[in-house]
There are 2 protein chains.
Amino acid sequence: MTDTTDTTDPRRARLYEELSAESRRYHAAYVLFNQAVADHLGLHPTDVQALSLLTVEPEPLTVRQIADLTGLTTGSATRLVDRLERGGYVDRTPDPGDRRRVLVTPVPERVARVTAVWDELGRTWRTLLDDHSEDELRAITRHMRRANALSRTQIERLRSLPKPD
Amino acid sequence: MTDTTDTTDPRRARLYEELSAESRRYHAAYVLFNQAVADHLGLHPTDVQALSLLTVEPEPLTVRQIADLTGLTTGSATRLVDRLERGGYVDRTPDPGDRRRVLVTPVPERVARVTAVWDELGRTWRTLLDDHSEDELRAITRHMRRANALSRTQIERLRSLPKPD
DNA sequence: CATAGATTGCTGCGTCGCGCAGTGATTTCT
DNA sequence: AGAAATCACTGCGCGACGCAGCAATCTATG
């Protein structure tokens, strides 16, 4: 019926409301899950988060990139890599192209311990995704991708704004 | 064409892969955004997170509920409420029904400062959601709701498992 | 080509959120 | 009524984090 998007549609506004509330709980649940994984492995939540980001990207990351992606300072990122290296999860390799940089590479055998936990979750996840249509899956992915990009610009906006205190 | 769900469909497997990778970045982005909001308001990320959870639910929460929802111990939750109370964001009210409990109620005028930041984000969010169909919005919300419930059971599983250390 | 400036990663230092363990008050179980 | 569980709270110590300063290296400008 409604082909064009009507922003004042009350039913649609209700959908926005529900999605907003649900995404808050969604993120809260993820934080708790991440915490549980960290406890299970004897790591810190930040470390698990960093490992997650480190394994998503195909090429190794520098310490600075890890700092930017996690939101820590370069100093804290150094200690984080220290912990991960001490635990045997990553290797430090000097960057051949720029000798200031240090490339952080995940150690597959060791990281497998972490991904094993995720994969177990992944199996149950499949049963969750299986009754979504392909179009729905694409819509979900697209929403996340765009929300991702949006939050980046919003963070910049917040940083440029004066603090209300 | 494919009416029933075929788990071995390679194109579908690729969709799962993309969604998995994107949701990792999605959560990372949220953590960064939450951090930026906290910096902006001079609060701690955990406090902002707690305020978010506190305002989603219509009725006030007890200290224990806050502890469970955020994953902290009751002791840390007490300090968290201390900080929020000192900042004027919440009020402590003894529960009339159970005098052991303390009800934590958000202070609307003060919390408005926080929600103002969210609402500004909300406006740009609308432009993002506006070009999703209602069915897509429902699919996204449904996915989050179910992922939420799933992670709860997965956390229980992790806690009952022996630690690999 | 030399030199100033920017960038990268690392290291003391102090701060502070957090978990742990114990306490008193209140409720629930037997 | 007494025992056991639950709730919120409080010292205490740990450790992750931000900050500031450091040397090494790359880049830009004359």
Side-chain angles (χ1 to χ4, degrees), chain A residues 31-32 34-51 54 59-87 89-105 159 163, chain B residues 31-32 34-51 53-54 59-87 89-105 159 163 165:
Chain A
V31 172
L32 287 182
N34 199 61
Q35 175 82 46
V37 173
D39 287 345
H40 181 68
L41 296 169
L43 291 174
H44 300 273
T46 320
D47 302 11
V48 177
Q49 174 74 9
L51 279 179
L54 210 53
E59 64 274 352
L61 299 175
T62 67
V63 175
R64 169 150 289 278
Q65 286 175 318
I66 292 177
D68 289 340
L69 287 172
T70 53
L72 309 98
T73 61
T74 59
S76 300
T78 296
R79 326 311 264 264
L80 188 150
V81 176
D82 285 347
R83 292 194 298 271
L84 290 179
E85 192 182 31
R86 195 177 332 125
Y89 292 98
V90 297
D91 276 340
R92 268 191 238 249
T93 323
D95 188 335
D98 188 337
R99 295 208 309 256
R100 291 172 304 180
R101 294 192 227 263
V102 171
L103 297 178
V104 180
T105 319
R159 291 205 178 126
K163 305 200 176 187
Chain B
V31 172
L32 288 181
N34 198 61
Q35 175 82 46
V37 173
D39 288 345
H40 181 67
L41 295 169
L43 291 174
H44 299 272
T46 319
D47 301 11
V48 178
Q49 174 74 10
L51 279 179
L53 294 170
L54 209 52
E59 63 275 351
L61 299 175
T62 66
V63 175
R64 169 150 290 278
Q65 284 175 320
I66 292 177
D68 289 340
L69 287 173
T70 53
L72 311 106
T73 60
T74 60
S76 300
T78 296
R79 324 313 262 264
L80 187 149
V81 176
D82 285 347
R83 293 194 299 270
L84 290 179
E85 192 183 31
R86 195 176 332 125
Y89 292 98
V90 298
D91 276 340
R92 267 191 241 249
T93 322
D95 188 335
D98 188 335
R99 295 207 310 255
R100 289 172 305 178
R101 295 192 227 262
V102 171
L103 296 179
V104 180
T105 320
R159 291 207 179 125
K163 306 200 174 186
D165 210 13

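The structure displayed is predicted, hence computed values, not measured ones. To find a chain, count down the sequence lines: A is the first, B the second, and so on, and within it residues start at 1.
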Residues in side chain to side chain donor-acceptor pair (under 3.5 Å) contact with A/R100, at least two apart in sequence or another chain | A/D98

Helix axis bend for the helix from C/dC1-D/dG30 to C/dT30-D/dA1 - C1'-based end axes, five pairs, 10° rounding | 40°

Partners meeting side chain to side chain donor-acceptor pair (under 3.5 Å) with B/R99 (sequence neighbours left out) = none

Taking only residues two or more places apart in sequence, or in another chain, which ones meet A/R79 in a salt bridge (Lys or Arg N to Asp or Glu O under 4.0 Å)?
-> none

Taking all atoms of both residues into account, what is the closest heavy-atom pair of A/P60 and A/T105, and its distance?
-> CB-OG1, 3.9 Å

Which donor-acceptor pairs under 3.5 Å do the side chains of residues 67-76 of chain B make with protein atoms, sequence neighbours left out?
from  : atom 1 : to    : atom 2 : distance (Å)
B/T70 : OG1    : B/I66 : O      : 2.6
B/T70 : OG1    : B/A67 : O      : 3.4
B/T73 : OG1    : B/S76 : N      : 3.3
B/T73 : OG1    : B/S76 : OG     : 3.2

Any residue of residues 94-105 of chain B with a heavy atom less than 4.0 Å from an atom of DNA chain D = B/R100, B/R101, B/V102

Chain A footprint on DNA chain D, 5' to 3' - any atom under 4.0 Å from a heavy atom = D/dA16 to D/dC26

Hey, could you give me the OG1/CZ distance between B/T93 and B/R101, rounded to the nearest 0.5 Å?
-> 14.5 Å

Only residue of A/L103, A/V81, A/V102, A/V104 satisfying side chain to side chain contact (heavy atoms under 4.5 Å, CB included) with A/T62 is A/L103

Can you tell if the side chain of A/Y89 reaches within under 4.5 Å of the side chain of A/L43, non-hydrogen atoms only?
-> yes

Can you find a pair of side-chain heavy atoms, one from A/D39 and one from A/Q35, that are under 4.5 Å apart?
-> yes

By a strict heavy-atom criterion of less than 4.0 Å, which residues belonging to residues 74-81 of chain B are in contact with DNA chain C?
-> B/S76

What's the spacing between B/Q65 CD and B/L54 CG if we round to 0.5 Å?
-> 10.0 Å

Do A/L41 and A/V37 come close enough that some side-chain heavy atom pair is under 4.5 Å?
-> yes

Does anyone know the first and last nucleotide of DNA chain C in reach of chain A, 5' to 3', at under 4.0 angstrom to a heavy atom?
-> C/dT7 to C/dG12

Side chain to side chain donor-acceptor pair (under 3.5 Å) with A/N34: which residues, sequence neighbours excluded?
-> none

Sorted by chain and number, sequence neighbours left out, salt bridge (Lys or Arg N to Asp or Glu O under 4.0 Å) with A/R92 holds for A/D82, A/E85

Student check: side-chain heavy atoms of B/T46 and B/L80 closer than 4.5 Å | yes

